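Sequence positions, counted from 1, serve as the residue numbers for this chain. Being a predicted model, the structure only gives us computed values, none of them experimental.
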Amino acid sequence: MSDSPVPAARLSERPIGVFDSGVGGLTVLRALRAELPAESFIYLGDTARLPYGTKSGHTVARYALQAADELVEGGIKCLVVACNTASAAALPALQQRYAEIPVIGVIEPGARAACAASRSGRIAVLATESTVRGGAYTQAIARLRPDARVTAIACAVFVALAEEGWTDGAVVEAAASRYLAPLRAAGPDALVLGCTHFPVLGQAIAAAVGPGLRIVDSAATTAAAVRQELATRDLLRSVGGDTPVVELLATDGIERFAAVGGRFLGAPIAPGTVELIDL
Ligand code: DGL
């Protein structure tokens, strides 16, 4: 970013940058578009290096900084890290690097949604191996609710199933039932989908855990946090201005991104509208 600060009025016209390892963050983009219909967005899915969730925190942080650099250099007014794994590994580093703009992750909002949904304080977290290993959710929930008892389960195969567009059927049911077996003993009353790829598997997960357990994700609470932050900094785009634009970028497999991504975004993505970039 340049050294001279951009006036708030001009900065507010810029798009919001959103980044994930693949199509999963489109579940967050969907909530952001619903919450902030006047805003433009530029979304980057780092599909060439997906999955992040099985890699070390150090590697994920390096990838996250490269992806974020690409968005920030393009001129954005706010960065949303729509990936739990990247939020867990790199949020403080990203916030330090781009101190001029708000940088918002999905873990804190997800933890808030989980605490609000739970009465008993027994909370299950489904996430990637890297997110579970780093303990980011357990720590974020403990800050909000020190008496909480968290059961975190790493569900790596869910990412592959979601990217493949397999959201129901025997394979998904078998994976869900195997991953969620430990929850029978833990008896949580709330479950947070701590990976932005998982909301599309929500029905299979709900069927595997049975009734009486509230399933939440971080999309809506993240979108509310972004609105709040932009409003506080006077960075909301004025309603009635230029038509908002949504730009989609991916580092590999743009045809597949368009074909599968619509399910995550909640709206079809026309083939040919995803731009291939290199980081
Ligand atoms: N969507 C990412 C998350 O929220 C993880 C997917 C991956 O493993 O790359 O954690």
K.L.:
Check whether any side-chain heavy atom of Leu91 sits under 4.5 Å from a side-chain heavy atom of Ile107, and report yes or no.
P.N.:
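Contact flag for Leu91/Ile107 side chains = no.
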K.L.:
For the atom pair OG (Ser218) and CD1 (Ile104), what is the distance rounded to the nearest 0.5 Å?
P.N.:
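One gets 12.5 Å once the value is rounded to the nearest 0.5 Å.
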K.L.:
Under the side chain to side chain donor-acceptor pair (under 3.5 Å) test against Thr85, which residue among Thr128, Thr196, Thr54 passes?
P.N.:
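Of all the options given, the one that passes is Thr128.
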K.L.:
Could you walk me through whether Tyr137 and Gln139 pass side chain to side chain contact (heavy atoms under 4.5 Å, CB included), step by step?
P.N.:
CA-CA 5 Å; Tyr137 260 103; Gln139 289 152 24; over 6 Å; no
K.L.:
Just so I know, are the side chains of Asp69 and Gln66 near enough to count as touching, which here means a heavy-atom distance under 4.5 Å?
P.N.:
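No; the side chains remain at least 4.5 Å from each other.
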K.L.:
Drop me the distance from Leu29's CG to Leu36's CG, to the nearest 0.5 angstrom.
P.N.:
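If we round to the nearest 0.5 Å, Leu29:CG and Leu36:CG are 10.5 Å apart.
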K.L.:
Atom CD in Glu163, atom NE2 in His197: separation rounded to 0.5 Å?
P.N.:
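That separation rounds to 3.5 Å.
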K.L.:
May I have the list of side-chain donor-acceptor pairs in residues 257-267 shorter than 3.5 Å, sequence neighbours left out?
P.N.:
unit_1 : atom_1 : unit_2 : atom_2 : d
Arg263 : NH1    : Gly165 : O      : 2.4

K.L.:
Considering residues at least two apart in sequence or located in another chain, which fulfil the ring-ring contact (aromatic ring centres under 6.0 Å, His included) criterion with Phe41?
P.N.:
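Listed in chain order: nothing, the list is empty.
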K.L.:
To the nearest 0.5 Å, what is the distance between CG (Leu65) and CG (Leu279)?
P.N.:
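If I round to the nearest 0.5 Å, the distance is 11.5 Å.
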K.L.:
Working to the nearest 0.5 angstrom, can you tell me the gap between Asn84 CG and Ser21 OG?
P.N.:
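That separation rounds to 10.0 Å.
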K.L.:
Quick one: which of Arg14, Lys77, Arg227 gives a salt bridge (charged side-chain N to carboxylate O under 4.0 Å, His left out) with Glu39?
P.N.:
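Filter result, single survivor: Lys77.
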K.L.:
Donor-acceptor check, side chain of Asp217 to backbone of Leu193, threshold 3.5 angstrom: yes or no?
P.N.:
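It does not hold such a pair.
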K.L.:
Rounded to the nearest 0.5 Å, what's the gap from OG on Ser118 to CZ on Arg145? Could you check?
P.N.:
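Nearest 0.5 Å value for the OG-CZ distance: 4.5 Å.
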K.L.:
Any side-chain heavy atom of Leu126 sitting closer than 4.5 Å to one from Leu180?
P.N.:
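The answer is yes, as the side chains (C-beta and beyond) meet within the 4.5 Å cut-off.
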K.L.:
Closest approach of Gly110 and Val192, non-hydrogen atoms and distance?
P.N.:
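Result for this residue pair: O-CG2, 3.7 Å.
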K.L.:
Are Asp189 and Ser120 close enough that a side-chain donor and a side-chain acceptor fall under 3.5 Å?
P.N.:
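A donor-acceptor contact under 3.5 Å links the two side chains.
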K.L.:
Once ring-ring contact (aromatic ring centres under 6.0 Å, His included) is applied, do any residues pair with Phe19, and if so which ones, sequence neighbours excluded?
P.N.:
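Residues passing ring-ring contact (aromatic ring centres under 6.0 Å, His included) with Phe19: none at all.
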K.L.:
Students often mix this up, so state it plainly: with edges at 30° and 60°, are the rings of Tyr63 and Tyr52 parallel, tilted or perpendicular?
P.N.:
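Ring orientation, 0 to 90° scale: tilted.
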K.L.:
Are the charged groups of Glu229 and Arg233 less than 4.0 angstrom apart, N to O?
P.N.:
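Yes, this pair counts.
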K.L.:
Looking only at the side chains, is there a donor atom on one of Asp252 and Thr47 sitting less than 3.5 Å from an acceptor on the other?
P.N.:
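The criterion, which ignores hydrogens and geometry beyond distance, is not satisfied for Thr47 and Asp252.
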